[in-house]
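The chains referred to below are lettered A, B, ... by the order of the sequence lines, with proteins before strands, and numbering in each begins at 1.
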Amino acid sequence: MKIENKITEAVMAIVEELYGQPVPEKMVQLQQTRPEFEGQITLVVFPFTKMSHKAPEQTAAEIGQQLVQKLPEVVAKFNAVKGFLNLCICSQQWVALLEEIHQNPRFGFTPVTEDSPLVMIEYSSPNTNKPLHLGHVRNNLLGWALAQVMEANGNRVVKTNIVNDRGIHICKSMLAWLKWGNGETPESSGKKGDHLIGDYYVAFDKHYREEVKALTEQLVLSGLPAEEAEERAKQEAPLIKEAHAMLVKWEQNDPEVRALWRKMNEWVYAGFDETYRALGVSFDKIYYESETYLEGKEKVEEGLQKGFFYRRDDGSVWADLTGEGLDEKLLLRSDGTSVYMTQDIGTAKLRFQDFPIDKMIYVVGNEQNYHFQVLSILLDKLGFKWGKDLVHFSYGMVELPNGKMKSREGTVVDADDLIATMVADARQMSADKVNRLEGITEEEAQEIARIVGLGALKYFILKVDARKNMLFNPAESIDFNGNTGPFIQYTYARIRSILRKWEKEQGARGKEQGARSEDCSTLADREISLIQKLQSFEATVKQAGQDYNPSCIANYCYDLASEYNRFYHDFSVLREEDEQKRTFRIALSETVGQVIKNGMGLLGIEVPERM
RNA sequence: GGUCUGGUAGCUCAGUCGGAUUAGAGCAACAGCCUUCUAAGCUGUGGGUCAUGGGUUCGAGUCCCAUCCGGAUCACCA
């Protein structure tokens, strides 16, 4: 039984006994004692003053006395400051707690069973016409971390990706490749497939803009107002018309267009796979829009028959959501083709056929908040049981110091470049610390650099609250000091180093057990607060699962590492002469390392054995 | 304009269920600490009207209302 629970139970009994009123459990508020006061756990007594009809301080004192009497093995002594009752907990309790955590390598995790709820998480969702950029990186990292967190909270998780592999943007790349590509392939050019295709997408855009510009001038000369001229030029430029023609051919299953489309998409997928592998993310099931985009129509027809939707005179189908405080939403165009919303309904249908989903989480940027509000209502109306409380895990945009990322203006941070830069910087960083690299092969050093560089990137992104927009300053982000991933990794590596030395020592004189509860009556404040910190990992994981918020785990890892660093500087663990204390502190260190590893693991961040 | 969302130190960010006379980290600046288990570290100094005004109460950065500023969204685009 946890220390908190014992105290809560006792307080409930005591208050009822003293003041004659039953107390709901929620009223018993326990918190960590502020460092400037003596004690470790504090009871907030304000809520009880109404029952006691006494001053807060006196009420606190009365409860404190009873606690010491009734729980002598837990509460050693107390002091009351205003309405706060600070309790000094017996060291044995802390030692026992540490031992419990130490014994449980999965501390804080809820086991997953056959009957656990099935949660599907959709993330990444790239377009196949250009490589992944920083915005996708945030999406992928959040999606992956969220999946880990949900699993840690006892859910079965299916990670899924919907690939937007069809549409006008793909045709643009295809067209440009046909026109100017001379048969270039990833092999012949040495480029990653997604970058190759992205280059043609850019080429298309460049030529297209030139055409638009020339055509606009022409139209202006013939007497059209400038704005109107540009509008028309955009629609009538030969290139865009060709692209549209290609899209029509694609939809008609033209063998040549389809073959080219398939070939180029394969190149892109190979490129994406490489980036995904570098980021350490993966999927259990991938859906392609080309396979799902027609499915939604059927569901919309069904909704139409049931009277949820209505058809206008021009044949288009709409949902009237004014009753829900929203607008009317188009579901099928007048020509019968589907729109974005229809496709999402179709994808939902397929997913539900494939999996008995209990909860669906979409990791998609906050610019689509409205879309998912509507989708939730529509899916609910159409009878998807998870539709009503689907979760749109909505994250903010990544901004750059000079504004937003815009592919046209070349202010995009490419994912592959970014990863390579971070790893190279980490390599440079550790090369500066020559003594560390002793006895390490070049290969091992490279692997450490990969772990540290990626750790820096991942932590930098995951530590900020997902729903907020965040600023990515390329110069400052490559910082390995302070509140960063490498700081936490460093703490871990140092703990491992201590343990390696200790194990060597133990090997010489025979194995010995870790934490001992006897004779540790005088724990230092630092040790106790470390144990308290360790204990709160459980609550943090739970909270992250409830709020769908990986960032609190990131901040927890930093807090824990900081706390350990102070401990590390206060005590010489290996040189401690008192045998009891030393084994205790070794066990404490080992447990901190274990929790750091688990916490970082939830974020998809690896920790190195040495660095 | 409607809806949603954010505003905390020069900069980037934390801040749990509303809790403690003094609101925390990191970066940047300044000052200390490597004969001691990994200095990617530790300790200290300076830096704040928690956007503004009201309200709720024993108590508000946190909850409510209004205002100001920023962002997103409101397509027969995806």
F84(A) over A20(B), stacked by centroid distance under 5.5 Å, angle under 30°:
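The ring of F84(A) is stacked on A20(B).
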Is C64(B) in the syn or the anti form, by the rule that syn lies within 90° of 0?
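Anti, angle beyond 90° from zero.
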Stacked cation flag R585(A) on F571(A), 6.0 angstrom / 45 deg:
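Yes, R585(A) sits over the ring of F571(A).
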What is the distance from [atom1] of [X] to [atom2] of [N], rounded to the nearest Å?
X       : N      : atom1 : atom2 : value
Q489(A) : U38(B) : CD    : P     : 18 Å
L43(A)  : A20(B) : CG    : P     : 15 Å
F372(A) : U5(B)  : CZ    : C1'   : 17 Å
N366(A) : U3(B)  : CG    : C1'   : 14 Å
R526(A) : C42(B) : CZ    : P     : 11 Å

Going by number, which of residues 554-564 of chain A have a non-hydrogen atom under 4.0 Å from RNA chain B?
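Listed by number, they are N555(A), Y558(A).
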How is [X] classified with respect to the nucleic acid when contacts are heavy atoms under 4.0 Å: base, sugar-phosphate, or nothing?
X       : value
Q368(A) : base
D425(A) : nothing
T491(A) : nothing

Could you spell out the base pairing of RNA chain B as a dot-bracket line? Use Watson-Crick and G-U wobble contacts where both distances are under 3.5 Å, [ ] for crossing pairs, | for partners on a different strand.
(((((((..((((.....[....)))).(((((.......))))).....(((((..]....))))))))))))....
Does any part of the side chain of Q373(A), heavy atoms only, come nearer than 4.5 Å to the side chain of E324(A), both counted from C-beta?
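Answer no - side chains too far apart.
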Is any side-chain heavy atom of L499(A) closer than 4.5 Å to one of I586(A)?
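They are in contact (side-chain heavy atoms under 4.5 Å apart), so the answer is yes.
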Go through the side-chain N and O atoms of T49(A) and T59(A) and say whether any donor and acceptor fall under 3.5 Å apart.
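Absent: no donor and acceptor within the cut-off.
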Taking atom types as modelled and ignoring hydrogens, do the side chains of S173(A) and N129(A) form a donor-acceptor contact shorter than 3.5 angstrom?
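No, no side-chain donor-acceptor pair sits under 3.5 Å.
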Between F472(A) and R166(A), who's closer to the 5' end of RNA chain B by nearest nucleotide?
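Nearest-nucleotide comparison on RNA chain B picks F472(A).
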Mapping M470(A) and L85(A) to their closest nucleotides on RNA chain B, which lands nearer the 5' end?
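Here M470(A) is the residue nearer the 5' end.
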Phosphate OP1/OP2 of [N] contacted by [X] side-chain N/O (<4.0 Å):
X       : N      : answer
R566(A) : A25(B) : no
K463(A) : U12(B) : no
N369(A) : U3(B)  : no

In whole angstrom, give me the gap between the C1' atoms of G10(B) and G48(B).
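Rounded to whole Å, the distance is 12 Å.
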I'd like the C1' distance from U22(B) over to A31(B), given in whole Å.
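These two C1' atoms come out 23 Å apart once rounded.
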With sequence neighbours left out, what residues match E289(A) under side-chain hydrogen bond (donor to acceptor under 3.5 Å, both in side chains)?
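If we apply the side-chain hydrogen bond (donor to acceptor under 3.5 Å, both in side chains) test to E289(A), skipping adjacent residues, there are no hits.
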Aromatic ring pairing F487(A)/Y558(A), orientation class (parallel under 30°, perpendicular over 60°, tilted between):
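Ring orientation of F487(A) relative to Y558(A): tilted.
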